[in-house]
Chemist: 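Sharing a structure here in structure tokens format.
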Amino acid sequence: MMRPAAGTPVSRVDGRLKVTGQAAYAAEHDAHDAVRGAVHGVIVTSTVGKGRITAIDTRAATALPGVLAVISHANAPKLPYRPFRRVTDPPRGEHLRVFQDDRVRFFGQPVAVAVAETLEAAQHAASLVKVTYAAERPATGLDAPAGSPNEPENYQRGDVDQALRQARTRIEQTYRLQREHHNPMEPHATIARWDGDRLTVWDKTQVVLNTRAALASVFGIAEDAVRVVSPFVGGAFGSALRAWPHVTIAALAARQVRRPVKVVLTREQLYTGTGFRPVTEYKLTLGADERGRLTAAVHDIRAETSAYEDYRESLLTQGQMVYTTPNVRQTYRSIPLDINTPTWMRGPGAATAAYAIECAMDELAHETGIDPIELRLRNEPERDPGTGAPFSTRRLRECLRTGARTVGWDDRAPEPRSTRDGDWLLGMGMAVATYHTARAPAQALARLHADGTATVQSATSDMGPGTYTSMTQVAADALGLPVSRVRFQLGDSAMPPAPPHGGSMTMASVGSAVADTCDKLRRQAVRLAIADPGSPLHGASAGDVVVQNGRLSLRDDPGRGETYQQLLARTGRPRLEARGGYTPGEETERYSTHAYGAVFAQVAVDERLGLVRVRRVLGVYDAGRIINPKLAHSQAIGGLVGGIGMALLEHTVTDPRDGRVVNANLADYLVPTNADVPDVNAVYLDGEDREAGPLGVKGLGEVVIVGVAPAIANAVFHATGRRVRDLPITLEALL
Ligand code: MOS
């Protein structure tokens, strides 16, 4: 019997290409024939936070040898910017229109691009562009005078005010999260080439179809006239879910100079050229009865957005469904500021909400003297308290108990500041993680070739989770082939459509489409065999034929059969081909489906220096079925490390006078390095969620960052008795 590939720790099928440098990332495609001879565009960005451009002097820049053009609002063509709503709906508002007027909306806005034969010439030219501004003072902080909120998003159930009056215990606190940037290793980059009216771009993107739709809209051309290619993405975490201004700039410049143009954002430009996790202020009031059961919760949230787009994220879901709470009121206001637009970043909304909710639960546990895990168990709902729907699966109790056992939670001395190791105060904290299971329509195409191999494709992406590999596993099982004989292809808008590679929905959506497509292809081969008088399977009934290791045979008489190669050769076909897909059904409405986790952190805090050292992080997850345990573990380690960064290090600092990001580099924007990362581990509960979709998976890319920061903050409180409510937790706050 052939062992199914799904469920086994297959190593990345693209690993060799990546470690040998053969995988082409966005900025590298001009090394290949398709775009050899691309010239270089270097973006000039605004050095004021708001105002108007009064003059642009490009004479010195254009006089340099090798310079082909300097494009700005002064000479750029008017672009149609047709409205569009697409695969990743952009926030409400008006896109930043590249080089269409003299207005400066934020510090770091693109104001010109220098295009030259070499990168050096383009950089030199960009440095010689003289821009003069009439500057105004921008509003850049949540409490800036100009920052009057957008229309709030509200939610209400029950009578919160009465419940709070009757509550035995009340916790009322404000939690603040700073701006965080994705900082993927690979910078955002685009190469654009026009062939007449047809545009091809090689782009760093999580959604080729989104980039295609955006470019079609900007240039007022048909989507069919645009092709977007993005086979490899060197990390993104949400930053590549939208097509940012530089994508348009590359295409615009290529049209102007009639050459392929490559634009690569510098590390510094990434901080204003793409989005970020927004500054959020989360005021939370909890009311509980004498047994610690939540009776009321009031969530009052404010978060930054740009003045031109109203970015929102799923900040309210968790507060509605995570604990039994009869009375809930939520208000979420975005505050328009003179900044560039924030965007989705790993665990968008959920990671932020969990910080407030899980820290407040820890405060409630401390206040009531109830063990933090016991407090969660007492508030565990039987049905989704927000929608009333049954949970498809919710194994949070098991996550909590498994984690508690593994870390020795019951041996923890509950009193804060009661355990030490020399100068180090030791603490252990925990938090709950949830992330909704999103699913969206997806399609795939599969081909079985005469040599007995198969290729399968869908216009999805692989920003690092291992989509190439997991899809290969699913396809191999459905086709009855070993993984080594299946190639999965992605990252090309010419392939069958897929939803955004984000929101932890790729496995459930694209995976289900791949399974359906490959099932169809296998059945087609079986039908061909049993209808063919030349086949040993002629006349068999389809249900009795199995395919294993590329050979079709009778289940009860394995000697009777033939291989895919034999079948195709004899019937004279170069290949068989099938298209299939997946559309989420009514189960997505009927059930409340979320991935869950319990996160445990152990920290040591130097009593005299305030230094926090994370000693251990463990996440225990209920994410449904795990297609590839090795990749799932890798995803969790990445999420847990991201959570350490969120808790202790990451903070995009802006100058309130002009909105300039003052630490726009990887030396001053701190991310966890090996020395910051201790024993991190993740455990996935065995099982599957039959209502989540055909594959039984609930998604795991986001849930693994949710809950990490509050688990660490709660551990810091347990170690020190000091409650720090503002992220990141710095040593200054602990001194
Ligand atoms: Mo993730 S924020 O959905 O890329």
Chemist: For a salt bridge (charged side-chain N to carboxylate O under 4.0 Å, His left out) check, start with the C-alpha distance between E562 and R551, then their side-chain angles and the critical distance, and finish with the verdict.
Modeler: CA-CA 6 Å; E562 63 177 330; R551 184 171 177 276; over 6 Å; no

Chemist: Testing V226, V228, V229, T190 one by one against T211 for a side-chain contact (heavy atoms from CB on, under 4.5 Å), which residue passes?
Modeler: V228

Chemist: Could you pull out the closest heavy-atom pair between L567 and A529, with the gap in Å?
Modeler: CD1-CA, 3.7 Å

Chemist: Please indicate whether R590 has more than 12 foreign heavy atoms, meaning atoms of other residues, nucleotides or ligands, lying under 6.0 Å from its CZ.
Modeler: yes

Chemist: Please walk me through it: do M345 and E180 pass side-chain contact (heavy atoms from CB on, under 4.5 Å)?
Modeler: CA-CA 8 Å; M345 181 169 167; E180 277 192 295; 3.9 Å; yes

Chemist: Above 12 or not: heavy atoms from other molecules or residues under 6.0 Å from CG of D679?
Modeler: yes

Chemist: Would you say that R12 contacts Y468 through its side chain, given a criterion of any heavy-atom pair below 4.5 Å between the two side chains?
Modeler: no

Chemist: Give the C-alpha distance, both sets of side-chain angles, the deciding distance and a yes or no for side-chain contact (heavy atoms from CB on, under 4.5 Å) between E380 and L400.
Modeler: CA-CA 11 Å; E380 184 62 8; L400 289 164; 5.6 Å; no

Chemist: Is there a donor-acceptor contact under 3.5 Å from the side chain of S314 to the main chain of T317?
Modeler: no

Chemist: Nearest 0.5 Å please: distance from the CG atom of N549 over to the OH atom of Y564.
Modeler: 11.0 Å

Chemist: Taking atom CZ of R439 and atom OG1 of T588, what is their separation to the nearest 0.5 Å?
Modeler: 5.5 Å

Chemist: Charged N to carboxylate O under 4.0 angstrom, E358 versus R376?
Modeler: yes

Chemist: Is the backbone N or O of Y323 less than 3.5 Å from a side-chain atom of T325, with the two atoms forming a donor-acceptor pair by type?
Modeler: yes

Chemist: For the CG atom of L479 and the OG1 atom of T517, what is their distance to the nearest 0.5 Å?
Modeler: 9.5 Å

Chemist: Atom CG in L554, atom CD1 in I530: separation rounded to 0.5 Å?
Modeler: 10.0 Å

Chemist: Between the main-chain N or O of Q443 and the side-chain N or O of S458, is there a donor-acceptor pair closer than 3.5 Å?
Modeler: yes

Chemist: Over 60° means perpendicular and under 30° means parallel, so classify the ring planes of F391 and Y596, tilted if in between.
Modeler: perpendicular

Chemist: Got a salt bridge between R277 and E650, using NZ or NE/NH1/NH2 to carboxylate O under 4.0 Å?
Modeler: no

Chemist: Please lay out, stage by stage, how E153 and Y155 fare under the test side chain to side chain donor-acceptor pair (under 3.5 Å).
Modeler: CA-CA 7 Å; E153 189 178 331; Y155 171 84; over 6 Å; no

Chemist: Measure the spacing between CH2 of W202 and CD of E28 and express it to the nearest 0.5 Å.
Modeler: 14.5 Å

Chemist: Could you pull out the closest heavy-atom pair between Q318 and A353, with the gap in Å?
Modeler: OE1-CB, 3.6 Å

Chemist: Please answer whether the main-chain N or O of L241 pairs with a side-chain N or O of N210 as donor and acceptor at a distance below 3.5 Å.
Modeler: yes

Chemist: Do NZ/NE/NH1/NH2 and the carboxylate oxygens of D689 and R625 come within less than 4.0 Å?
Modeler: no

Chemist: Mind running side-chain contact (heavy atoms from CB on, under 4.5 Å) on W409 and M430 for me, showing each step along the way?
Modeler: CA-CA 9 Å; W409 180 266; M430 55 78 55; 3.4 Å; yes

Chemist: Heavy atoms only: give me the nearest G238-T343 pair and the separation to one decimal.
Modeler: O-CG2, 4.2 Å

Chemist: Mark yes when over 12 heavy atoms from residues, nucleotides or ligands other than R487 sit less than 6.0 Å from its CZ; otherwise mark no.
Modeler: no

Chemist: Is V208 close to D492 at the side-chain level, that is, under 4.5 Å between some pair of heavy atoms?
Modeler: no

Chemist: Tell me every residue that passes side chain to side chain donor-acceptor pair (under 3.5 Å) with N628, counting only those two or more places apart in sequence or in another chain.
Modeler: Q473

Chemist: Any side-chain heavy atom of R242 sitting closer than 4.5 Å to one from P91?
Modeler: yes

Chemist: On a heavy-atom basis, which atom in P496 and which in R579 lie closest, and how many Å separate them?
Modeler: CG-NH1, 3.9 Å

Chemist: Please check if atom CD in E586 has more than 12 non-hydrogen atoms from other residues, nucleotides or ligands closer than 6.0 Å.
Modeler: yes

Chemist: Under a 4.5 Å cut-off applied to non-hydrogen side-chain atoms, are Y435 and V704 in contact?
Modeler: no

Chemist: For the residue pair F276 and F237, is the inter-centroid distance of their aromatic rings smaller than 6.0 Å?
Modeler: no

Chemist: Does any non-hydrogen side-chain atom of L481 lie less than 4.5 Å from one of Q548?
Modeler: no

Chemist: Can you name the closest pair of heavy atoms from E691 and S392 and give their distance?
Modeler: CB-CB, 3.6 Å

Chemist: Rounded at 0.5 Å granularity, tell me how far CD in Q489 sits from CE in M471.
Modeler: 14.0 Å

Chemist: Go through T393 and K698 one step at a time and tell me if the side chain to side chain donor-acceptor pair (under 3.5 Å) criterion holds.
Modeler: CA-CA 9 Å; T393 51; K698 295 205 286 186; 2.9 Å; yes

Chemist: With a 3.5 Å cut-off and sequence neighbours excluded, list the donor-acceptor pairs that the side chains of residues 498-509 form with protein atoms.
Modeler:
| unit_1 | atom_1 | unit_2 | atom_2 | d |
| --- | --- | --- | --- | --- |
| H501 | ND1 | S461 | O | 3.3 |
| H501 | ND1 | T506 | OG1 | 2.8 |
| H501 | NE2 | S461 | O | 3.4 |
| H501 | NE2 | M463 | N | 3.0 |
| S504 | OG | G701 | N | 3.4 |
| S504 | OG | E702 | N | 2.9 |
| S504 | OG | E702 | OE2 | 3.4 |
| S509 | OG | A440 | N | 3.0 |
| S509 | OG | A440 | O | 3.4 |
| S509 | OG | M505 | O | 2.8 |

Chemist: Return yes if some donor-acceptor pair links the side-chain N/O of S634 with the main-chain N/O of K630 below 3.5 Å, else return no.
Modeler: no

Chemist: Sub-3.5 Å donor-acceptor pair from the side chain of S230 to the main-chain atoms of D203, do we have one?
Modeler: yes

Chemist: Are the side chain of R447 and the backbone of A454 linked by a donor-acceptor contact shorter than 3.5 Å?
Modeler: no

Chemist: Inspect the contact between D557 and R560 and indicate whether a charged nitrogen and a carboxylate oxygen are less than 4.0 angstrom apart.
Modeler: no

Chemist: In the structure I gave you, are the side-chain heavy atoms of R555 and V545 within less than 4.5 Å of one another anywhere?
Modeler: no

Chemist: List the atom of T352, the atom of M646, and the distance in Å for their closest heavy-atom pair.
Modeler: N-CE, 4.5 Å

Chemist: Before you tell me yes or no, could you show the steps for T453 and V486 under side-chain contact (heavy atoms from CB on, under 4.5 Å), namely the whole-Å CA-CA distance, both residues' side-chain angles and the distance that decides it to 0.1 Å?
Modeler: CA-CA 6 Å; T453 65; V486 178; over 6 Å; no

Chemist: Would the distance check show the side chain of Y684 and the main-chain N or O of A632 forming a donor-acceptor pair, the cut-off being under 3.5 Å?
Modeler: yes

Chemist: Looking at D384 and A389, would you say the former's side chain and the latter's main chain have a donor-acceptor pair under 3.5 Å?
Modeler: no

Chemist: Using the six-membered ring wherever Trp is involved, compare the ring planes of H436 and H594 and label them parallel, tilted or perpendicular (cut-offs 30° and 60°).
Modeler: perpendicular

Chemist: Whether the side chain of K520 engages the backbone of G581 through a donor-acceptor N/O pair (distance < 3.5 Å, no angle test) should be reported.
Modeler: no

Chemist: H188: which residues meet the side chain to side chain donor-acceptor pair (under 3.5 Å) condition with it, sequence neighbours left out?
Modeler: S239

Chemist: Side chains of V706 and V708: does their closest heavy-atom pair fall under 4.5 Å?
Modeler: no

Chemist: Is any side-chain heavy atom of V599 closer than 4.5 Å to a side-chain heavy atom of Y621?
Modeler: yes

